[in-house]
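Quick notes on the structure that follows.
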Amino acid sequence: MTLSKWIKKLEVSPKESDDISFSQQFLANDDLRPVPPENRTWAAWNFVAFWIADSFNINTWMIASSMVQLGMSWWQAWICVWIGYGCVAPFIVLNARPGAIFHVTFPVVARTSFGIFGSLWCVFNRGAMACIWYGVQASIGGDCVRVLLRTMWPSVNNIKNTMPESSGTNTRDFLCFFLFWLVSLPAIWFPIHKIRHLFTVKAAVVPVAGLTFFIWCIVKARGVGPIIRQPSSIHGSTLGWAMVSSLMSCISNMATLVTNAPDFASRAKVPSAAGLPQLISVPLGFSIVSFIGIIVSSSSQTIYGETIWSPVDLLEKFLDDQPSHATRFGVWFIAAAFIIAQLGSVFFILTVESVYSNHHSTNISANSISAGCDLTALFPRFINIRRGGYIAAVVGICMLPWNLLKSSNSFTSYLSAYSVFLSSIAGVMITDYWVIRKGHYRVKDLYSASHDGWYWYTYGVNFRAYAAYIAGIVINVVGFAGATGRIVPVAATHIYEMSFFTGFGVSSLVYWTLNFFFPVPGTSSKFEEVDESAFDEDATDTKSDFKGDGTSVSVRSVAI
């Protein structure tokens, strides 16, 4: 068989490739085109279930621990969680809107502001991060598998290590990691519009397990523990900046989901489904889970004489010293629920990233879906969301993620720096849709390399977007140097502590200013969410109205 025939077999749609140009093959496949009506299955309750599912994970459970360790009282830490996730929710809704209206995913929405080819850098950034997070979440999921296996076979804890020290792990932990990784693979097979059922199951099972853990620890400790009565040890400006830093950590952790918000919104039945439900469920879900984590950890202080912030470590404590059958069953149920929670995070990351190129709750939800969408946009001729998800899974195991988690400070610094890049991208995208174009799209041009298209700009790259993107990064560079140990001005440190808002704000302002002097094609003075695709032999003058949120959206359907 010749090389060309092998290449043809690897193509996503080999029959279609004969009828379209090479550039067209680079810009579109079935996973990049607008989602067809039959796949727009996400109703309001699906978005609520998704965020409830995404919030119930080990990262959220422990998010208040660093705040309490900074010297804050538990209620001050909890207020930071409420404010942090309450502030980030509107950004998710704003960036999700074009996906909900025009049913296109993040890689395609990014083309409107960064250009047909300029968007690829944004997609690569998001996709690379998704692959990293897939591995990290799978590593955490492996810890949950270890606890579950110990409840059934206690001897698992004594498996002899045969791996070299240079591997960074041992035989027992690698076996548990590999089992979790293996279990996650079948879920990647299902398309996004069907995987919503996984989030529904997670939203039903995981909260029950969390509440069970919550009540169990209170009963075991005969109270809520000493952390609830522990006052703040910091005051004045020190307390103020500690709270700012803490709530910004909540926002930074959601920066990836702000950026790829159009991915799931593209599956919405009506635009309103991706609006108010997300606005409410994001702060509510994450705040409740963090509160449970605070109380459980406080109870552990009474039970064991030390504060154990990790629920996995606390469950393992329950299994020490010959536990009863009832205790082993309870730990098994909670560990199984945590595994489902991590699976959800993995899938999300994989799907979204494969199209474009929680450090979040669910590996499948936050990582697999993201990776799938991003990689599809990078290589649409050969990769779809499903293939992208499996690529992310392979990268996730090859990167040896357990080594990243050894130094939490370095990994946290890396995540904070990465949120600067994503906030600058989000600033440009949201400003482009809401302020510059005011809802006007030309969907047909999103899949065309024609120099007459709205999104061709200069050789397929919008210099205005990149100037704004770089400006949003530069404002935080000095502060980032301080975070790595360099001596920098205090003002620069405070700017970096608010990196999401400074990056978003500067990129947004610069992009608006450049468009004032150098307007992009499609600039509008009237807000009206409409597809302005030109009439030609491939277009029809069919109109439809999106209803459900009080907004009538005129869309000319285009054959792409």
4.5 Å side-chain heavy-atom contact, [X] and [Y]:
X	Y	value
Phe286	Phe291	no
Phe177	Thr169	no
Pro262	Thr105	no
Val394	Cys398	yes
Ile430	Phe504	yes
Trp42	Val270	no
Ile251	Phe501	yes
Phe338	Pro311	yes

Between [Y] and [X], do the side chains contain a donor N or O and an acceptor N or O under 3.5 Å apart?
X	Y	answer
Trp51	Gln278	yes
Asn157	Arg172	yes
Thr162	Thr171	yes
Trp75	Ser73	yes

Next item on the list: Would you sort out whether Trp309 and Leu314 count as a side chain to side chain contact (heavy atoms under 4.5 Å, CB included), showing the intermediate values?
Entry: CA-CA 8 Å; Trp309 289 102; Leu314 183 55; over 6 Å; no
Note to self: In this structure, is the centre-to-centre distance between the rings of Phe50 and Phe264 below 6.0 Å?
What the structure shows: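 Under 6.0 Å, so yes.
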Find the distance between [atom1] ([X]) and [atom2] ([Y]) and round it off to the nearest 0.5 Å.
X	Y	atom1	atom2	answer
Ser298	Ile303	OG	CD1	9.5 Å
Ser139	Phe180	OG	CZ	10.0 Å
Met498	Thr493	CE	OG1	11.0 Å
Cys176	Leu148	SG	CG	9.5 Å
Asn46	Lys269	CG	NZ	7.0 Å
Leu149	Arg146	CG	CZ	10.0 Å

Taking every non-hydrogen atom, the tightest pair across [X] and [Y]:
X	Y	result
Ile92	Ala261	O-CB, 3.5 Å
Ala77	Met67	O-SD, 3.4 Å
Val289	Trp61	CG1-N, 3.9 Å
Ser499	Val420	CB-CG2, 3.7 Å
Val147	Ala335	CG1-CB, 4.0 Å
Pro283	Leu279	CD-O, 3.2 Å

When you measure from the side chain of [X] to the backbone of [Y], do you find a donor-acceptor pair of N or O atoms at a distance under 3.5 Å?
X	Y	answer
Ser300	Thr307	no
Ser297	Gly293	yes
Ser287	Leu284	no
Arg328	Thr151	yes
Ser299	Ile295	yes
Asn95	Val258	yes
Ser290	Met62	no

Next item on the list: Begin with the C-alpha distance, continue with both residues' side-chain angles, and end with the deciding distance and a verdict on side chain to side chain contact (heavy atoms under 4.5 Å, CB included) for Val331 and Glu316.
Entry: CA-CA 8 Å; Val331 172; Glu316 291 213 272; over 6 Å; no
Item checked: Residue that, paired with Phe500, satisfies side-chain contact (heavy atoms from CB on, under 4.5 Å) out of Ser424, Ser423, Cys250 ->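 The single option meeting the side-chain contact (heavy atoms from CB on, under 4.5 Å) with Phe500 is Ser423.
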Next item on the list: Apply the side-chain contact (heavy atoms from CB on, under 4.5 Å) test between Ile159 and each candidate in Leu175, Asp173, Asn170; give the one that qualifies.
Entry: Leu175
Check: Relative to each other, are the rings of Trp82 and Trp78 parallel, tilted or perpendicular (30° and 60° limits)?
Finding: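 The arrangement is perpendicular - the two ring planes meet at more than 60°.
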Show me, pair by pair, the donor-acceptor contacts under 3.5 angstrom made by side chains of residues 203-228, not counting sequence neighbours?
residue	atom	partner	partner atom	Å
Thr212	OG1	Val208	O	2.7

Under 3.5 Å, side-chain donor or acceptor atoms of residues 236-249 against the rest of the protein: list the pairs with distances, not counting sequence neighbours.
residue	atom	partner	partner atom	Å
Ser246	OG	Ala242	O	2.8
Ser249	OG	Ser246	O	2.4

Margin query: Are more than 12 heavy atoms, taken from residues, nucleotides or ligands other than Phe329, located less than 6.0 Å from that residue's CZ atom?
Written below: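 Counting neighbours around CZ of Phe329, 12 or fewer heavy atoms of other residues, nucleotides or ligands fall under 6.0 Å, so no.
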Notebook entry, point to check: Checking salt bridge (Lys or Arg N to Asp or Glu O under 4.0 Å) for the pair Asp320/Lys317: CA distance, chi angles, key distance, verdict?
Noted result: CA-CA 5 Å; Asp320 293 339; Lys317 278 279 190 181; 5.1 Å; no
Notebook entry, point to check: Does Ser324 have any side chain to side chain contact (heavy atoms under 4.5 Å, CB included) partners at least two apart in sequence or in another chain, and if so, which?
Noted result: Ala326, Thr327
Checklist line | Steps toward side chain to side chain contact (heavy atoms under 4.5 Å, CB included) verdict (Met163, Phe174) | finding: CA-CA 9 Å; Met163 301 185 72; Phe174 180 77; 3.7 Å; yes
Notebook entry, point to check: Between Arg97 and Val93, does a side chain to side chain contact (heavy atoms under 4.5 Å, CB included) hold up when you go through it step by step?
Noted result: CA-CA 6 Å; Arg97 184 67 179 183; Val93 173; over 6 Å; no
